[in-house]
Amino acid sequence: MTRTPATSAPPRDEVTGQAPGGTDLSHGLKQRHLSMIALGGVIGAGLFVGSGAGIAAAGPAIVLAYAVSGLLVMLVMRMLGEMSAANPASGTFSVHAEKAIGPWAGFTAGWMFWVELCVGIAVEAIGAAAIMVSWFPSTSSWMWVLLFMAVFCATNLAAVGNFGEFEFWFATLKVAAIGVFLVLGVLAVLGMLPGTAAPGGDNLTGHGGFVPNGLNGLAAGLLASVFAYGGLETVTIAAAESEHPVKGVAQAVRTAMWRIALFYVGSMLVVVTVIPWNDKSVITDGPYVAVLKYLDIPAAGQIMNVIVLIALLSAMNANIYGASRMSHSLVMRGEGPRFLARTYGGVPRLTVLASSAFGFFAVLLSYWWPDTVFKWLLYMTGAAILVVWGFIAVTQLRMRRRLEQEAPEKLVVRMWLFPALTWVALAAIVGVLALMLREEDTRVQLYFTAGLTGALALIGYVRQRMVATKGSLTN
C-alpha cells in the first residue's frame with residue numbers, strides 16, 4: 001500500500017506539475033483497455049437519444065452539423081493529443097494550462113471539468129434508474145441510483161484495471177450495437193432488406209429540402225451535436241495510467257477522425273436517409289428506435305433501452321474515474337485539500353470517494369430542489385465543455401512553441417498546420433458560444449457557466465497571488 005503524505009504537497013516535476021516520476025498513480029491500464037476506451041468512449045446516450053432534438057431542429061442538415069462540430073472536436077483532440085503525448089499526466093489539460101498560462105488557469109480548467117463530470121454522474125445515474133424503473137415498476141428510482149453509485153464507486157476504489165475492464169466491455173457492446181445499426185441501415189438504404197425499398201434521396205430533399213428550417217435550424221442542430229461529443233478528453237486522462245502512455249495517446253488521437261466520421265456522421269446519415277426527418281417517432285422514440293421500428297426489428301424499443309442503459313452506466317463509470325483523477329492531480333499540485341492526496345495501492349481512493357459523494361449529493365438535489373438548485377447545477381455546466389476546449393486551444397498555442405525550442409523530440413503528435421488550425425478552432429469555439437446567445441435556454445446556460453468560470457478564475461488568481469507573495473517573503 002502506497003501513501004502520499006497529506007501534510008505537505010510533494011515536489012512537482014518542472015514540466016508536468018506532478019510528483020517525481022510523472023505520477024504516483026499505478027499503470028494498470030493495458031493497451032487493449034485504452035484502445036477500446038478511445039474507440040467506444042465517445043458513444044453515449046447523447047448520441048442514441050439526444051440526437052433526436054438535433055434532427056428535429058436541423059432536418060437532414062444534421063449530417064452537416066455533426067460533420068462541422070466533428071471537425072472542431074478533431075482539432076481539439078489533436079491539440080490535446082500533442083500536449084498529452086509530450087507530457088502524459090492524469091491532470092491532462094489542467095496540468096498543461098498551469099504550465100503554459102499560469103496556476104490560475106490550471107485551477108480553473110481542472111475544477112470546472114471536475115464539477116462537469118460530477119454533475120454528469122448524477123444525470124447518468126438518474127437516467128439509468130429511470131430505465132430500470134420502467135422495467136420494474138414496483139421499484140423506486142433511489143434504489144437503483146444507490147446501487148449504481150455503490151457499484152461504480154467500488155469499481156473505481158479497486159485497482160485501475162477494474163475500471164479498464166468495465167469500460168472495455170461497455171465500449172465493446174456499444175461499438176457492436178452501433179456497428180449492427182450501421183450495417184442494417186446501409187442495407188436498408190440499398191433496398192437489400194426484406195420488405196423495404198431503397199429510399200434514394202427522397203428523405204434527404206423531399207420534406208422541405210436538405211435545410212428545411214434554414215440557418216436557424218442548422219445552428220440549433222450544431223449546438224446539439226457539439227455537446228454530444230463531450231467525454232473524449234477522458235482518454236488522455238486514462239493514458240497516464242496505461243502501460244505505454246505516449247504510444248496510447250498518439251494511437252487514440254490518430255484514430256479519432258474515422259471514429260467520429262463512422263459513428264456520428266455515418267449514423268446520422270443513415271437515420272435521415274432511411275426515414276423522414278420530421279417523422280414524430282424521431283422525437284418520441286428517438287432516432288435509432290425509429291429506424292429499427294421502420295425496419296421491423298422485433299422489440300426495437302427494448303433493445304435500444306438496453307443499449308442506452310449500457311451507455312449511461314459506461315459514462316457514469318468513466319466520469320467517476322475522470323473526476324477522481326482530475327481532482328487528485330489538482331490536489332497533488334497544491335490546488336485542493338492536501339489530505340485527499342493519499343493513494344492506496346496506486347489508486348486515489350479519497351478523491352474517488354469525494355467525487356462519488358458530490359455526484360450522489362447532486363442526485364439528492366435533483367429530488368429536493370429539481371427546478372432550482374439542481375437546474376442551476378445543470379446550467380453551470382451547460383457550456384463547460386466549450387470553456388475547457390478554449391483553455392486547451394490557448395494552452396496549445398503557448399506550449400507548442402516552448403516544446404519546439406526546448407524539447408522538439410517530444411512532439412510525437414503534431415497539430416496540423418500549426419498555428420493556423422489552432423486559431424480556426426478558437427474562432428469556432430467563440431462562434432459556438434455566440435450561437436448559444438441566440439436561444440433563451442442556452443443563453444441562460446452560458447450565463448451560469450460564465451459565472452462559475454469567473455468565480456473559479458478569481459479564486460485561482462487569488463491563490464496564485466498568495467503563493468507568490470508567500471514565496472517572495474520566504475526568499
Side-chain angles (χ1 to χ4, degrees), residues 32 35-52 54-55 59-67 69-70 73-74 167-206 210 225 228-229 231-232 252 254-277 279 281-283 285-315:
R32 68 180 179 87
S35 297
M36 192 52 72
I37 291 170
L39 186 63
V42 68
I43 306 171
L47 175 63
F48 289 123
V49 180
S51 55
I55 293 172
I62 192 66
V63 177
L64 179 60
Y66 268 91
S69 56
V73 173
M74 282 191 281
E167 281 306 293
F168 176 84
W169 291 110
F170 278 146
T172 299
L173 290 170
K174 288 188 292 183
V175 169
I178 204 166
V180 170
F181 175 83
L182 288 171
V183 170
L184 290 173
V186 170
L187 291 175
V189 170
L190 298 175
M192 297 175 65
L193 288 180
T196 61
D202 291 347
N203 291 327
L204 294 174
T205 59
F210 186 72
S225 64
Y229 285 111
L232 275 168
R254 284 168 180 159
T255 59
M257 182 176 294
W258 72 264
R259 284 185 285 124
I260 290 171
L262 180 63
F263 295 150
Y264 279 79
V265 182
S267 61
M268 286 299 101
L269 182 58
V270 164
V271 170
V272 296
T273 302
V274 172
I275 59 175
W277 69 271
D279 190 309
S281 63
V282 171
I283 289 293
D285 297 330
Y288 291 81
V289 173
V291 170
L292 292 178
K293 284 185 174 179
Y294 172 81
L295 300 179
D296 200 24
I297 304 297
Q302 290 306 318
I303 291 172
M304 282 310 302
N305 270 339
V306 172
I307 295 169
V308 171
L309 177 64
I310 290 170
L312 287 167
L313 296 180
S314 172

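The first residue of the sequence shown is numbered 1, and numbering continues consecutively from there.
The two residues Ala188 and Leu295 make their nearest non-hydrogen contact at CB-CD2, 3.5 Å. In plain terms, the two heavy atoms of Leu47 and Met268 that are nearest each other are CD1-CE, 4.1 Å. Among all heavy-atom pairs drawn from Gly59 and Val272, the shortest one is O-CG1, 4.3 Å. For the residue pair Tyr264 and Ala228, the shortest heavy atom distance occurs at OH-O, 3.0 Å. Nearest heavy-atom pair, Thr273 versus Asn203, reported as atom, atom and distance to 0.1 Å: O-ND2, 2.9 Å. Considering all non-hydrogen atoms of both residues, Ala198 and Leu190 come closest at CB-C, 3.9 Å.
Ile283 contributes atom CD1, which lies 8.0 Å from atom CD1 of Ile55 (distance to the nearest 0.5 angstrom). Between atom NZ of residue Lys293 and atom CD1 of residue Ile275 there is a gap of 11.0 Å, rounded to the nearest 0.5 Å. Expressed to the nearest 0.5 Å, how far CG of Leu292 lies from CD1 of Ile307 amounts to 7.5 Å. Here the straight-line distance linking atom CG of Leu64 with atom CG of Leu269 works out to 11.5 Å at 0.5 Å rounding. Distance check, rounded to the nearest 0.5 Å: OG1 of Thr172 to CD of Glu167 gives 10.0 Å.
Within the structure, the ring-ring contact (aromatic ring centres under 6.0 Å, His included) test picks out the following pairs touching residues 285-312 (sequence neighbours left out): Phe48-Tyr288, Phe181-Tyr288.
Although no hydrogens or angles enter the test, the distance criterion places no donor-acceptor pair under 3.5 Å between the side chain of Ser314 and the main chain of Ile310. Proximity of a side-chain donor or acceptor of Tyr66 to a complementary backbone N or O of Ser51 within less than 3.5 Å is not detected.
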